[in-house]
Amino acid sequence: MPGLTAPSDYSQDPPRHPSLKINSKDPFNAEPTREALISSYVTPVDFFYKRNHGPIPIVDDPEGYRVSIGGLVEKSVELSMDELRKLPKYNVTATLQCAGNRRTAMSKTRTVKGVGWDIAAVGNATWGGAKLCDVLEIIGIPKLSAISSLGGKHVEFTSVDKCKEEKGGPYKASIPLRLATNPGADVLLAYEMNGEVLNRDHGYPLRVIVPGVIGARSVKWLDRINIIKDECQGFFMQKDYKMFPPSVDWDNIDWSTRRPQMDFPVQCAICSLEDANVINQGKITVAGYAVSGGGRGIERVDISVDGGMNWIEAQRYQKDTSYVADDDHYADKWAWVLFKAVVDAPENAEVIAKAVDTAANVQPETVEAIWNLRGILNTSWHRVRVQKASHIVKSNL
Ligand code: MTE
């Protein structure tokens with residue numbers, strides 16, 4: 001692991017913004033307040049959720065840092081940051097979302113295991129770096145390949161952090177080679193976040209960004225990239241981040257029956273209101289974010305202030321960034337939309353938001369229908385209970 005070391009304890013973790021809500025201190029897992037999350041279209045680094053499974057690695061020798069790339073290929077290489085920076089640079093605005101986003105609410109139905117998150121384990125950043133497909137060409141894998149010359153079908157990313165789930169070993173994950181070699185999938189080896197050098201919490205000096213896929217596959221502090229035959233056998237691929245049906249519990253679980261989760265489903269949440277807000281005005285603002293995985297955009301966000309009997313459509317906002325991909329896709333297909341509706345304040349009611357994506361997928365009505373023992377992918381209609389009424393949270397829409 002040239003240039004990168006992993007501490008065994010948390011004493012050298014970086015400082016963080018004091019306004020973050022800490023869900024677990026060691027390892028550090030924290031999210032911004034609901035209000036801060038939608039205060040801008042691109043989430044400032046300070047307010048971007050932090051999801052870690054061990055102490056934050058240290059780059060002790062930036063010049064000496066190399067990422068090694070090899071496996072089932074005829075040629076292996078080690079690339080320095082300078083060499084990566086010489087490849088064509090792409091800026092991709094993409095929403096990263098932890099599969100555990102909204103887990104706390106799922107636990108209210110039936111207890112689930114995992115770090116508790118409110119609705120802000122999600123953020124929208126402009127990631128800058130080289131495309132993985134360009135890097136793989138250097139080791140002889142052409143664009144749009146599903147299999148390497150020596151039979152590799154997956155790309156495994158390995159870090160250096162010491163995770164207890166891996167018995168003190170590093171975090172790792174893989175994605176299919178056909179995704180990694182597809183220029184239109186925009187998979188990045190990112191060294192910048194919002195125009196600045198990545199900070200330590202978010203993967204300095206180099207991380208993977210897999211747009212439209214759950215955050216767990218976007219490995220931080222990258223040490224090795226390996227072309228492998230079968231998907232990565234690490235804990236976070238095989239014993240975590242899989243979606244089970246409500247009938248499976250800890251007594252009858254068979255991890256091998258499910259695939260590692262990749263794309264995330266359509267999601268939205270109201271950020272301008274907290275549960276039990278007391279509101280007095282005639283009107284309230286219902287604002288939040290909506291996003292879908294796999295490059296599917298958001299078609300619509302529906303709002304109800306009477307528990308789902310009547311709906312109105314919210315206004316949507318998505319910034320038109322300068323980036324247009326080479327495969328002629330919609331500029332911000334990986335990014336969230338922010339939504340807003342100003343509605344008559346209801347009497348003691350449930351305010352609900354649900355989003356529909358461009359494939360007409362819609363969020364499920366109840367959490368019970370999608371309950372799973374690890375509490376992942378809670379995309380049920382987002383409901384906030386308010387009482388007659390005074391609370392309007394400022395939104396920059
Ligand atoms: N990479 C490493 N090396 N270690 C980790 O703990 N956490 C993953 C992913 N990559 C993780 C990692 C998970 S579960 C998520 S949701 C995202 O990083 C979070 O990225 P962020 O902390 O930059 O928001």
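Sequence positions, counted from 1, serve as the residue numbers for this chain. Just so you know, ligand 1 is whichever comes first in the structure, and atom 1 is the first atom listed for that ligand. Fair warning: this is a prediction, and the values are worked out from it, not measured in the lab.
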- Item | Lys NZ or Arg CZ of Lys131 over Tyr90 ring: under 6.0 Å, within 45° |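 Lys131 over Tyr90 ring: yes.
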- Cationic tip of Arg374 within the cone over Phe244's six-membered ring, i.e. under 6.0 Å and within 45° of the normal?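 The answer is no; the distance or angle limit is not met.
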- Query: Any side-chain donor-acceptor pair under 3.5 Å between Asp9 and Ser11?
  - Reply: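 Indeed, the side chains of Asp9 and Ser11 share at least one donor-acceptor pair under 3.5 Å.
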[atom] - nearest protein heavy atom and its distance:
{"atom": "atom 8 (C) of ligand 1", "value": "Tyr171 OH, 3.6 Å"}
{"atom": "atom 18 (O) of ligand 1", "value": "Arg207 NH2, 3.5 Å"}
{"atom": "atom 24 (O) of ligand 1", "value": "Tyr49 O, 2.8 Å"}
{"atom": "atom 4 (N) of ligand 1", "value": "Asp161 OD2, 2.7 Å"}
{"atom": "atom 9 (C) of ligand 1", "value": "Gly215 O, 3.3 Å"}
{"atom": "atom 19 (C) of ligand 1", "value": "Arg51 CB, 3.6 Å"}
{"atom": "atom 1 (N) of ligand 1", "value": "Lys220 N, 3.0 Å"}
{"atom": "atom 6 (O) of ligand 1", "value": "His53 ND1, 2.7 Å"}

- Output yes when Asp134 and Lys143 qualify as a salt bridge under the 4.0 Å nitrogen-oxygen rule, no when they do not.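 Lys143 and Asp134: salt-bridged.
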- Query: If you measure from each non-hydrogen atom of Leu96 to ligand 1, which part falls under 4.0 Å: side chain, backbone, both or neither?
  - Reply: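 Side chain only.
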- Query: Can you check whether Pro346 reaches Ile284 side chain to side chain, under 4.5 Å on heavy atoms?
  - Reply: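 Yes - at least one pair of side-chain heavy atoms lies under 4.5 Å apart.
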- Element-labelled atoms of ligand 1 that are located less than 4.0 Å from some non-hydrogen atom of Trp221: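 Under 4.0 Å from Trp221, ligand 1 has these atoms: 2 (C), 3 (N), 4 (N).
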- Query: Should you measure from each heavy atom of Cys98, which atoms of ligand 1 turn up under 4.0 Å away?
  - Reply: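 Checking each atom against Cys98, I get 16 (S).
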- Message: Evaluate Tyr241 for polar contact with ligand 1, using N/O atom pairs at a separation under 3.5 Å.
- Response: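 The answer is no, given that Tyr241 and ligand 1 share no N or O pair closer than 3.5 Å.
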- Examine Ser159 against ligand 1 and note whether any of their N/O atoms are separated by less than 3.5 Å.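 Yes, since at least one N or O of Ser159 sits under 3.5 Å from an N or O of ligand 1.
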- Partners of Arg316 by side chain to side chain donor-acceptor pair (under 3.5 Å), sequence neighbours excluded?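 Once residues adjacent in sequence are excluded, the partners of Arg316 under the side chain to side chain donor-acceptor pair (under 3.5 Å) criterion are Glu313.
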- Query: In the single-linkage hydrophobic clustering (I, L, V, M, F, W, Y; side-chain heavy atoms under 4.5 Å), do Tyr10 and Val115 co-cluster?
  - Reply: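 Per the 4.5 Å side-chain linkage, Tyr10 and Val115 are not co-clustered.
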- Starting from Ile352, walk the hydrophobic network (Ile, Leu, Val, Met, Phe, Trp, Tyr; side-chain heavy atoms closer than 4.5 Å) and list everyone else you reach, by chain and number.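 Under the 4.5 Å side-chain rule, Ile352 groups with Trp311, Trp381.
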